[in-house]
Participant: 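There's a structure below that I have some questions on.
Letters A, B, ... are given to chains in the order of the sequence lines, protein chains preceding strands, and every chain is numbered from 1. Quantities reported herein were computed from a predicted structural model and do not represent experimental measurements.
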Protein chains: 2
Amino acid sequence: MQDIKVAVDAVVFGYQQNTLYVLLIQQKFAGQKAYWALPGGLVKDDESLMDAVTRELKEETNVEVNYMEQLYTFGDDLHRDSRDRVISVAYFALIDSSKTNIKADTDADKVQWLPIKEVPQLAFDHNLILQTAIERLKSKLTYQPVGFDLLPKEFLFSDLENLYCTILEKEIDRRNFRKKILSFDIVEETDRFAEKKTGRPARLFRFNSKKYKTLEKEGFLFEIKFA
Amino acid sequence: MQDIKVAVDAVVFGYQQNTLYVLLIQQKFAGQKAYWALPGGLVKDDESLMDAVTRELKEETNVEVNYMEQLYTFGDDLHRDSRDRVISVAYFALIDSSKTNIKADTDADKVQWLPIKEVPQLAFDHNLILQTAIERLKSKLTYQPVGFDLLPKEFLFSDLENLYCTILEKEIDRRNFRKKILSFDIVEETDRFAEKKTGRPARLFRFNSKKYKTLEKEGFLFEIKFA
DNA sequence: TATCTTTATTGTATTATTTACACAAAGCTA
DNA sequence: TAGCTTTGTGTAAATAATACAATAAAGATA
């Protein structure tokens, strides 16, 4: 008789002002050291993996994401959870964090966005899961238009550019970047402008995901590379 | 108390003479219709996922692979196995099938290589798993040098070219393909030639995986694209 | 109101990469 | 030795990537 438990965990990324954030929770158990951890939990017998992670996210953080995909299943370390044999199917998710109301702290739980550069030691093997997710994000940014899922519906070109610079940790030539993105014909300008304090007003742009899906079916490949 | 079983399944690809094969098994159970299936089985409480799939492969098919990576975890269809709730962590593997002695058929089991174009309806959701693996193979071929794991240590350039044509289902310009591969400097010629019946003798080549790993660390990217 | 500061926007020349394309070389056979 | 078969090779044209700097728009300031 097999005795292995199945959990799901979610790495939810948010982006704001040149900083990439990850969503973490802290559950308080009497007498135990409280580690920050990825949201997640055990899968119920009658729910799909995807439903399980969606439910846990909602329960623990009140967050509903823009984009989610399976990341990797962690089950090679037999003692990744010191109590039982638990394998975790980890998910990778993106959200426009500016529009999200994360759950307020309760007596039992805390929830927060933490810059990925400031993530401390997490529970279980969650640092490894996070690291895997960061690599996935970096590589996905270059071959799928997932960056838009981290931004508001209408955004500035400079925001998009900074998002790429920040996450990929590279310098980008602004002219070439803009030329490249616009050549894909999946980002369109709106007639609105950002409210800013200083400098020339910046136009707001919008990602046309319908158009992207159409082009994708026709064989179009999104791809961003840098020198 | 959770009641979900954890299985592993392996999609093992082999290649020979312009044909991509997958390794399948058939287990005979009294009174049941016998479907072909991917090799795999339940994970033991004290073994890693990777160990489990390696063990099952050895036991069921006697095969040891050149390359293996986790593919995807199938657990969204609650009835993918009609008996119990089972999630399956699927693996993707490559092998030089010419050098492999697969297990001989027994009273209980059959094992065979089947061309992917001739795969019938399989057990459980194994057709879906296979399809996912084929897509992974196609995409990996273009950005990692995994094709070599399907070929003998020493191979003809025309074999490599045909492998790409066959799997990607595309035409390739021989000169440009050769130029591209050689430009990576990870394939070296040997001083040996193939024994052939007809035509100009063809030189044998070898993939230098150490060199590839070195270059990879320095930031080199393998990439093959076609018009 | 002229000037300064700040950020947004745009184009071109150079270089590198990708593509298209055809004929000679080597061995075998008749 | 003529013909068949498969291997092996180079160049020109087209396309894509890169490097690079001046102008536009608005508000702040003198």
Participant: When the distance from CD of A/Glu195 to P of C/dT7 is rounded to whole Å, what number comes out?
Facilitator: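 One finds 17 Å between P of C/dT7 and CD of A/Glu195, rounded.
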
Participant: Under a 4.0 Å N-O cut-off, is there an ion pair linking B/Lys225 with A/Glu223?
Facilitator: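 Here B/Lys225 pairs with A/Glu223 in a salt bridge, since their nearest N and O are under 4.0 Å apart.
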
Participant: To the nearest Å, how far apart are A/Leu156 CG and C/dA8 C1'?
Facilitator: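 The answer, rounded to whole Å, is 10 Å.
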
Participant: For A/Leu160 and C/dA8, what is the distance between atoms CG and P respectively, to the nearest whole Å?
Facilitator: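 After rounding, the gap between these two atoms is 13 Å.
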
Participant: To the nearest Å, how far apart are A/Glu171 CD and D/dT18 P?
Facilitator: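 About 15 Å, once rounded to whole Å.
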
Participant: Classify every nucleotide of nucleotides 20-30 of chain D by which part a protein heavy atom approaches to under 4.0 Å, writing B for the base, S for the sugar-phosphate alone and - for neither, in 5'-to-3' order.
Facilitator: BB--BBSS---

Participant: Between B/Tyr212 and B/Phe222, how do the two ring planes meet: parallel, tilted or perpendicular, split at 30° and 60°?
Facilitator: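 Taking B/Phe222 first and then B/Tyr212, their aromatic rings stand perpendicular (interplane angle over 60°).
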
Participant: Taking only side-chain nitrogens and oxygens of B/Ser158, does any of them come within less than 4.0 Å of OP1 or OP2 of D/dT6?
Facilitator: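 So the side-chain polar atoms of B/Ser158 never come under 4.0 Å of the phosphate oxygens OP1 or OP2 of D/dT6.
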
Participant: Given C/dT18, is OP1 or OP2 found less than 4.0 Å from the side-chain N or O atoms of B/Lys225?
Facilitator: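 No, B/Lys225 has no side-chain N/O under 4.0 Å of OP1/OP2 on C/dT18.
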
Participant: Any salt bridge between A/Glu60 and A/Lys103, counting N to O under 4.0 Å?
Facilitator: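 Salt bridge between A/Glu60 and A/Lys103, a charged N being under 4.0 Å from a carboxylate O: no.
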
Participant: Is the shortest side-chain N to carboxylate O distance from B/Glu169 to B/Lys117 below 4.0 Å?
Facilitator: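 Salt bridge present between B/Glu169 and B/Lys117.
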
Participant: Please list, one pair per line, the donor and acceptor atoms closer than 3.5 Å that link side chains of residues 145-161 of chain A to other protein atoms, with sequence neighbours excluded.
Facilitator:
from: A/Glu154; atom 1: OE1; to: A/Arg192; atom 2: NH1; distance (Å): 2.6
from: A/Glu154; atom 1: OE2; to: A/Arg206; atom 2: NH1; distance (Å): 3.2

Participant: Atom CZ of B/Phe184 to atom C1' of C/dT17: distance rounded to whole Å?
Facilitator: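 It works out to 12 Å between those atoms.
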
Participant: What's the CZ-C1' distance between A/Phe177 and D/dA16, to the nearest Å?
Facilitator: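 Atom CZ in A/Phe177 sits about 17 Å away from atom C1' in D/dA16.
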
Participant: In whole angstrom, give the distance that lies between atom CZ of B/Arg178 and atom C1' of C/dT19.
Facilitator: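 It works out to 18 Å between those atoms.
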
Participant: Are A/Phe184 and A/Phe220 an aromatic pair, judged by ring center distance below 6.0 Å?
Facilitator: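 Between A/Phe220 and A/Phe184, the centre distance is under 6.0 Å.
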
Participant: Between atom CD1 in B/Ile181 and atom P in C/dT18, what is the gap in whole Å?
Facilitator: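 Checked: the CD1 to P distance equals 12 Å.
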
